Amino acid sequence: MTRHFLRDDDITPAEQAEILDLAVELKKDRWADKSLAGPKTVAVIFDKSSTRTRVSFAVGIADLGGSPLIITTASSQLGGKETPADTARVLERQVAAIVWRTYAQQGLEEMAEGTRVPVVNALSDDFHPCQLLADLLTVREHKGELRGLTLSFFGDGRSNMAHSYALAGAMAGMHVRIASPAEYAPREDVVADAQRLAAETGGSVTVHTDPEAAAAAADVVVTDTWVSMGKEEEKQARLRDLSAYKVTADLMGRADEKAIFIHCLPADRGYEVDAEVIDGPQSVIWDEAENRLHAQKALLVWLLRQAA
Ligand code: CP
Ligand code: NVA
């Protein structure tokens, strides 16, 4: 059966663990798995800018023996000129999987409904599930187990990253705290879905407005840009509204003394995080960026196995 990965909770907790285990194996030997031999092509489509996602999918698909086809929406018929469903019907006869970075989640759902090949969300306005696989892999490498750890996110709680931390963190059995001003709180339906998952795994998801309380004894401290792609017009308001949620050395000092700092990148030093934190000894951001490669390879291999 074709499986898609449009949201973090499109897989079960056991499947998430299976994909992370596979990522560990693939990281040990980058060229051992040739699931895309042929070469099979994977379409990787971008409506928004990208460095890490573009590079890690292109390199990962090549590592697996396949051929990445990078499509920029502006130079294609997507983006209002052709529907996602029609595009999917064209692509499915020629590619093994479709990876898409876009705005509305709805477009990804239409793409997935229209095709027999796996569709992967490479970031939408609502979720960034591929990033979470890499982040969980990174936390696991640095902390051992995921279950029972406290992960505290600071900043735009209604962003794709905050939503994905709530869902994927809960799925991994973590205690996820989202700290933001009330008007930037995560979507209630996402929190409810994450809390249902947490009840299954022994984790928890809580929403905070007090950054200091949210940081207390945390094992993983996380932030993301205050101005996500598509929100540029709100930049001045966001810099003002979110300023109390900056990850400073003082905030980091309230976390556990062995806490690690992660950030999906790109980062705005001096805004959501101070340079002394992101470039300091507790930061593991370069491992995190590398792990996009290993985690996404594992995801592709796993999705293709389900479809076989
Ligand atoms: N973290 C992340 O998705 O980075 P890019 O926007 O560079 O792909
Ligand atoms: N929240 C950010 C993540 C970038 C990888 C954005 O959507 O721009």
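This one's a predicted model, so the numbers in the text were calculated from it and none came from an experiment. Each ligand, and each atom within it, is numbered from 1 in the order the structure gives.
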(Q) Taking 4.0 Å as the limit for heavy-atom contacts, which would you say applies to Leu123 with ligand 1: side chain only, backbone only, both, or neither? (A)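 Leu123 to ligand 1: no contact under 4.0 Å from either part.
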
Pair [X]-[Y], side-chain donor/acceptor within less than 3.5 Å:
X	Y	value
Thr115	Glu92	yes
Glu110	Gln106	yes
Asn291	Thr138	yes
Asp8	Tyr165	no

What atoms of ligand 1 come within less than 4.0 Å of a heavy atom belonging to [X]?
X	value
Cys264	1 (N)
His128	2 (C), 3 (O)
Thr51	5 (P), 7 (O), 8 (O)

Protein contact to [atom] [nearest heavy atom, distance to 0.1 Å]:
atom	value
atom 6 (O) of ligand 1	Arg101 NH1, 2.8 Å
atom 4 (O) of ligand 1	Arg52 NE, 2.8 Å
atom 2 (C) of ligand 1	Arg292 NH1, 3.3 Å

Q. Which of parallel (below 30°), tilted (30 to 60°) and perpendicular (above 60°) describes Tyr271 and Trp226?
A.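 Answer is perpendicular, since the angle exceeds 60°.
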
Q. Between Phe46 and Arg54, is there a cation-pi geometry (under 6.0 Å to ring centre, at most 45° from the normal)?
A.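 Here Arg54 passes the 6.0 Å and 45° test against Phe46.
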
Q. Within 45° of the six-membered ring axis of Phe154 and under 6.0 Å from that ring's centre, is NZ or CZ of Lys246 located there?
A.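 Checked: cation-pi criterion not met.
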
Q: Flag Pro266 as yes when one of its N or O atoms lies below 3.5 Å from any N or O atom of ligand 1, and as no otherwise.
A: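 Among all N and O atoms of Pro266, none is under 3.5 Å from an N or O of ligand 1.
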
Q. Within the structure, does Met229 bring an N/O atom to less than 3.5 angstrom of an N/O atom in ligand 1?
A.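 Met229 vs ligand 1: no N/O contact under 3.5 Å.
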
(Q) So if I only count non-hydrogen atoms and take anything under 4.0 Å from ligand 2, which residues does that give, chain by chain? (A)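 The answer is Leu123, Asn160, Asp224, Thr225, Ser228, Met229, Cys264, Leu265, counting any residue whose heavy atom sits under 4.0 Å from ligand 2.
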
Q: Indicate yes or no for a side-chain donor-acceptor contact from Ser164 to the backbone of His128 under 3.5 Å, with no hydrogens or angles considered.
A: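 Yes, Ser164 side chain to His128 backbone: donor-acceptor pair under 3.5 Å.
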
